[in-house]
Amino acid sequence: MGLIVHKYGGTSMGSTERIRNVAKRVAKWARAGHQMIVVPSAMSGETNRLLGLAKELQPAAMTPAALRELDAIAATGEQVSVGLLALALQAEGLPAVSYSGWQVPVHTDTAYTKARIGSIEDQRVRADLAAGKVVIITGFQGIDDLGNVTTLGRGGSDTSAVAVAAALKADECLIYTDVDGVYTTDPRIVPEARRLATISFEEMLEMASLGSKVLQIRSVEFAGKYRVPLRVLSSFTPWDIEIAEEARSGTLITFEEDEKMEQAVVSGIAFNRDEAKITVMGVPDKPGIAYQILGPVAAANIDIDVIIQNVSNDGKTDFSFTVNRGDYQRTLELLKTQVAPATGAAQVIGDPKICKVSIVGIGMRSHVGVASTMFRTLSEEGINIMMISTSEIKTSVVIAEKYMELAVRALHKAFDLDQPSEAE
Ligand code: ASP
Ligand code: MG
């Protein structure tokens with residue numbers, strides 16, 4: 001019998017009927033002898049509704065004072081959820097108690113709307129568990145050193161759950177969601193996409209950062225740091241299926257690399273539409289130029305992704321990089337008004353209609369030619385590659401957005417992801 005953390009997403013908590021199902025599922029685990037902690041999200045749509053209200057009254061400049069209130073508002077969604085779930089569990093005849101972030105407490109820094117968890121106190125929770133209670137803790141929120149309510153960023157309940165599991169050294173953290181696991185790619189784009197029975201923590205980290213939305217990336221980082229056994233599974237299976245069957249379903253995020261080495265070279269295809277490309281042309285090729293271009297961009301808090309500098313021609317070079325599409329106009333403006341005059345750049349041009357497609361797999365470490373298979377596949381489809389970036393376990397290309405689905409489908413096939421792998 002173990003200590004288990006369940007996390008339920010907004011869809012799973014979407015109505016009182018669904019909350020009753022969650023309670024029944026949790027009760028089943030508790031009755032099987034497990035100590036249970038549950039971390040739910042706000043009911044689906046609730047965080048959007050709350051932030052929508054806030055937006056109607058929001059000042060133009062988001063000062064720290066305004067951000068503080070946004071968090072105070074957004075955090076209420078989860079408070080309602082935990083209370084409702086506690087009631088539903090009590091109605092099932094199980095002792096249950098709910099806590100907000102500040103009551104546990106879950107300590108965070110003061111970065112409103114994207115706070116990071118520093119530590120979680122476990123005395124109160126442990127005492128309740130020892131007394132045979134199911135403990136329900138709000139996702140998404142915490143408290144800073146001055147007692148201000150903070151939130152962890154959209155999708156942050158995943159991170160709350162993993163952090164709670166790490167703090168209490170839980171045996172496993174089960175993330176119940178509206179998909180039944182992690183897929184080789186998004187099944188909405190490739191119907192042949194398959195659920196992976198296991199994925200390594202490093203691959204999951206790449207998939208999450210490259211655009212797969214199944215888990216908030218920070219939750220994966222947390223799981224890696226504290227080696228929290230993590231499973232993503234569906235909350236739409238009947239609540240009364242066998243625990244053993246449930247515990248084997250979904251996708252397990254593993255730390256055992258050796259087992260994975262036998263499997264496919266590429267485990268998944270990730271993509272991100274949300275990108276834009278910018279090129280600063282004709283800058284002098286001399287020490288300090290990258291800093292002169294990207295320094296002001298970083299200072300404006302704009303995240304930069306793929307970066308390329310060309311060979312120089314007559315002492316001049318071109319410098320390209322990608323940013324989030326939402327930051328495109330702002331970056332272009334900044335480069336035209338500040339960077340170009342300061343560096344003597346000839347021109348700044350951009351393209352907001354690009355996307356990034358990536359192949360991910362720890363098998364890439366031990367196999368050569370994986371990237372070239374990717375390039376060949378794209379060329380056979382007539383897709384032009386604008387930029388390439390690689391790491392040990394992934395290769396990403398930037399291509400025109402209109403080819404994204406074609407590229408993902410072709411790569412899925414080229415790397416045999418349409419076929420079930422032998423390990424499953
Ligand atoms: N309720 C928050 C959101 O919608 C946190 C979460 O669901 O994980 O982003
Ligand atoms: Mg989520």
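Atoms within each ligand, like the ligands themselves, are counted from 1 in listed order.
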Location of contacts on Glu78 toward ligand 1, heavy atoms closer than 4.0 Å: side chain
Identified side-chain contact (heavy atoms from CB on, under 4.5 Å) counterpart of Val182 within the set Leu252, Thr198, Val232: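 The passing option is Val232.
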Pairing residues for Leu334 by the side chain to side chain contact (heavy atoms under 4.5 Å, CB included) criterion, not counting sequence neighbours: Pro296, Val297, Ala300, Gln338
Heteroatom distance test (Asp158, ligand 1): nitrogen or oxygen, under 3.5 angstrom: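 No, no N or O pair falls under 3.5 Å.
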Heteroatom proximity flag, Gly155 to ligand 1, N/O under 3.5 Å: yes
Under 4.0 Å to a heavy atom of Ser41 - the qualifying atoms of ligand 1, by number: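 Per the distance check, 6 (C), 7 (O), 8 (O).
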Per-atom contacts, ligand 1 versus Arg154 - under 4.0 Å to a heavy atom: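 That gives atoms 3 (C), 4 (O), 9 (O) of ligand 1.
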Summary of side chain to side chain donor-acceptor pair (under 3.5 Å) pairs that have at least one residue in residues 352-363, sequence neighbours excluded: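 Qualifying pairs, neighbours excluded: Asp305-Lys356, Ser358-Ser396.
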Sidechain-backbone polar pair: Arg124 side chain, Gln103 backbone, donor-acceptor under 3.5 Å: yes
Matching residue for Asp158 among Gln216, Arg218, Lys7 - test: side-chain hydrogen bond (donor to acceptor under 3.5 Å, both in side chains):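 For Asp158, the side-chain hydrogen bond (donor to acceptor under 3.5 Å, both in side chains) check succeeds only for Lys7.
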Any Gly156 heavy atom less than 4.0 Å to ligand 1: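 Contact present.
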